[in-house]
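Notes for the one structure printed next.
Side chains included, hydrogens not; waters and symmetry mates left out as well; all remaining heavy atoms used. In what follows, every chain begins at residue 1, and chains take the letters A, B, ... in the order their sequences are listed.
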Amino acid sequence: MTHMQTFRPGQTAHTPTPDNGETDERGAQRAPRGSFGKPLLSWVGLALFALLGGLALFYGATDYGYNLMLSVVIWTGLAVSWNVFSGLTRYLSLGHAAFFGAGAYAVAKLQPVIGAWPSLIAACLAAGAVGLLLGISTLRLRGLYFTMATIGIAEVLRLGVLLVPDLTGGGTGLTIGGLPEFSEIYYAALAGLIVLLALALFAMSSIVGARLVAIQDDEESLAATGIAVNRYKIVSFTLSVMGAGFFGGIYALQIGFIQPDAVFPLLVSLTVVIMCMLGGIGTFWGPVSGAVLLSLLREELWARYPTVWDLGLGLVLIVIVIAMPGGLLGAVRRYVPGLRRHLL
Amino acid sequence: MDIALQLFFSALILGSVYSLFAVSLNLVWGISAVVNVAHGSFLVLGAYALWQVETAGLPLLLVVPGLLAVAFGVFTVAYRLLLRALGEANIEFGSLLVTWGISLIIIAALRSTVGTELRKTSLLSGSVAIGSSSVSRAGLLTFFLAIICAAALALFLKMSHRGREMRAVGSHPELAAAVGINVPATRALAFALGMTLAVGAGMLFGTGYVFFPNIGDHFIIKAVAIVLVAGLGRLWQTWVVGIFLAVAETWAQYLWSVTAAQVLAYAMLVLVLLVRKDELIRLARRVGLRPIAERRVAAAQGGHG
């Protein structure tokens, strides 16, 4: 060990807290850090979620209904893909919009050439490529500096798009023609989301999730078990942001028109983080519930009362960070302690 | 030659605002360990406060110092509240997110009260001829006031007892506590000082430039880039880098485009994160950011993976 245990007034020496409760030394509620085992209830819940999404065929078969559901699916996908890496490792990324935007631009450029569905795969790859580059260059940075770098990347991409208008349409954006029906896009998005959720649930309830949480807790010890920690971080980060790329592509197909200011803003990245924090960062159902709740609210408020939406978002963020770092799911788990074994 | 001189003067004036603002961020971040994303919003608040005072026709020389004094008091209390709400161990990331919320609220409040129109004050008009080019009076005032503020701050940090305590807390909080310095009180003072300076920088900005509620977003990222290049706790370096960025931006805007000028700050940020990684890791430890930071530093120095 190269670090010294130093005395800090007003604070007890830090020892890794056992993962059996949600209170820290101050007695305050702390964020849950994932749990492992056989989360049967979560798989059942996932099946129900898929069923619920599929039922949209009966109750939402209008363009408005599909659009609403699409927004919910897109935000949920973004939140889940963010949470798998940043929620578990606590390498907080504030650049999720970069991957979302990379996916959107990939679809906008490639859809006329290779068709809508293959271009979604290209969207994943484009986001993955950006993620790989960012991961290789910045994941050695610790904590805050990684966050700073991620804030930079979305802006760099946005400005980059503005700098080469011949290729990207610049500030005026790109219009995509010959789009599929809303219902088709919706089912493609839902299928993508179910696959993403299943992968995330599988990862979180297996050794992969345990290792990601170990990155949060103690990278040295993880390295001592023979894991190449940096490579592990880069690979998991790259895989997780591919999800964001997919939903960026879906967004491009849904709207049919993209513009740097619409797909790269910091507010998108921040909204994703707030959704995860509202539900419960580092849990499986937290980001899903937070994203569904907030995206429905957003549809109601954002277009009509943008100021109210921003004010509310700011308040929610402050209240959650200060009063309930475990989010909604953390609060539920506090009252039903046995739940976390079965419901991630 | 003429153009070059003119560009140099306008860069110097813009740079003095950048520098003062970055210096204030450096105080808040480097000494009180609060990562204040809302820093830019407080700059905007300063500009709007000046505008409000001017449109209301209040006596400027009386009201502005009064406002700054009130702000100082409020920020002192705010730091205590923030520390209590977040806990010492969580202050860095906690404050990043909380101040982001504050920033959203401030911008939304400004948009709904004063609107999104571009505003400017008209306190000082006219310009002064310097050689073959001319500089606006407002610009000159901005430049000299910014220099005076920064010099006063530097003297305070260098010469006074409180200032030395602050530097000690900035460079090693544990040792500072061990020799009997009241760390929370010192950090509260640094926080209040830095935040008040940010509001002051906003007022200076308001004398010579147009502003709107969201303009703080541009400033905060530039200030972060400047502080990271200069180093936490290094005031004169911050000043020089701020001027440098303004000169580079002014030329980029003149030669290419506004977008090219905006890219510079991000390019600087990304470059410094890549090039000075090791030093940043050491700095993270110096700011005293808690066991996790230390453990991770240790892991980083082990160089595995």
Side-chain angles (χ1 to χ4, degrees), chain A residues 1-11 13-14 24 26 28 90 92 137-138 140-145 147-149 151-153 155-156 159-160 162-163 218-220 223 227-233 266-267 270 273 277 306-311 313-318 320-322 325, chain B residues 35 85-90 92-94 96-98 100-109 111-112 173-174 177-178 183-184 217 221 224-225 228 257 259-260 262-263 266-267 269-270 273-274 277 280-281 283-285 288-302 304-305:
Chain A
M1 297 291 258
T2 46
H3 75 277
M4 288 187 308
Q5 200 69 48
T6 44
F7 171 74
R8 283 169 204 86
Q11 194 203 359
H14 180 87
D24 65 7
R26 290 186 303 133
R90 295 299 153 86
L92 296 191
S137 51
T138 61
R140 274 175 182 279
L141 292 167
R142 305 290 153 149
L144 195 64
Y145 296 104
T147 306
M148 298 273 169
I151 295 177
I153 189 74
E155 277 301 297
V156 166
L159 294 169
L162 289 178
L163 280 180
D218 194 335
E219 291 189 24
E220 262 183 313
I227 303 292
V229 176
N230 205 43
R231 208 181 311 154
Y232 210 85
K233 283 188 288 191
L266 210 49
L267 194 60
L270 187 64
V273 179
M277 297 198 72
T307 314
V308 175
W309 169 251
D310 280 4
L311 272 177
L313 210 57
L315 277 177
V316 166
L317 180 59
I318 295 173
I320 290 174
V321 172
I322 289 178
Chain B
V35 182
L86 293 174
E88 204 185 338
N90 195 23
E92 207 178 24
F93 270 122
L96 176 89
L97 294 171
V98 168
W100 211 316
I102 293 173
S103 161
L104 279 179
I105 291 174
I106 290 178
I107 292 172
R111 273 209 310 254
S112 59
E174 286 85 15
V183 174
D217 296 348
I221 203 81
V224 166
L228 284 182
S257 66
T259 314
Q262 282 180 333
V263 172
Y266 293 99
L269 181 69
V270 171
L273 286 170
L274 293 182
K277 236 180 261 187
L280 288 174
I281 290 168
L283 274 173
R285 178 171 48 174
L289 288 162
R290 304 294 64 122
I292 290 189
E294 276 178 22
R295 234 179 15 227
R296 297 197 164 163
V297 169
Q301 286 166 347
H304 57 70

Heavy atoms only: give me the nearest [X]-[Y] pair and the separation to one decimal.
X        : Y        : answer
B:Leu269 : A:Gly152 : CD2-CA, 4.3 Å
A:Leu159 : B:Gln262 : CD2-OE1, 3.5 Å
B:Ala108 : A:Asp310 : CB-CB, 3.8 Å

query = Under the criterion side-chain contact (heavy atoms from CB on, under 4.5 Å), which of B:Leu97, B:Ile105, B:Val98 is the partner of A:Leu317?
reply = B:Leu97

Contact check, side chains of [X] and [Y], non-hydrogen atoms, under 4.5 Å:
X        : Y        : value
A:Val321 : B:Trp100 : no
B:Leu104 : A:Leu270 : yes
A:Leu163 : B:Val263 : yes

note = Honestly, the part of B:Leu96 sitting under 4.5 Å from a heavy atom of chain A is side chain

Which of A:Ile153, A:Leu266, A:Val308 touches chain B most, by non-hydrogen pairs under 4.5 Å = A:Leu266

Residue A:Leu267 versus chain B: region with a heavy atom under 4.5 Å = side chain

CD1-CG distance between B:Ile106 and A:Leu311, expressed to the nearest 0.5 angstrom =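 So the CD1 of B:Ile106 and the CG of A:Leu311 are separated by 11.0 Å.
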
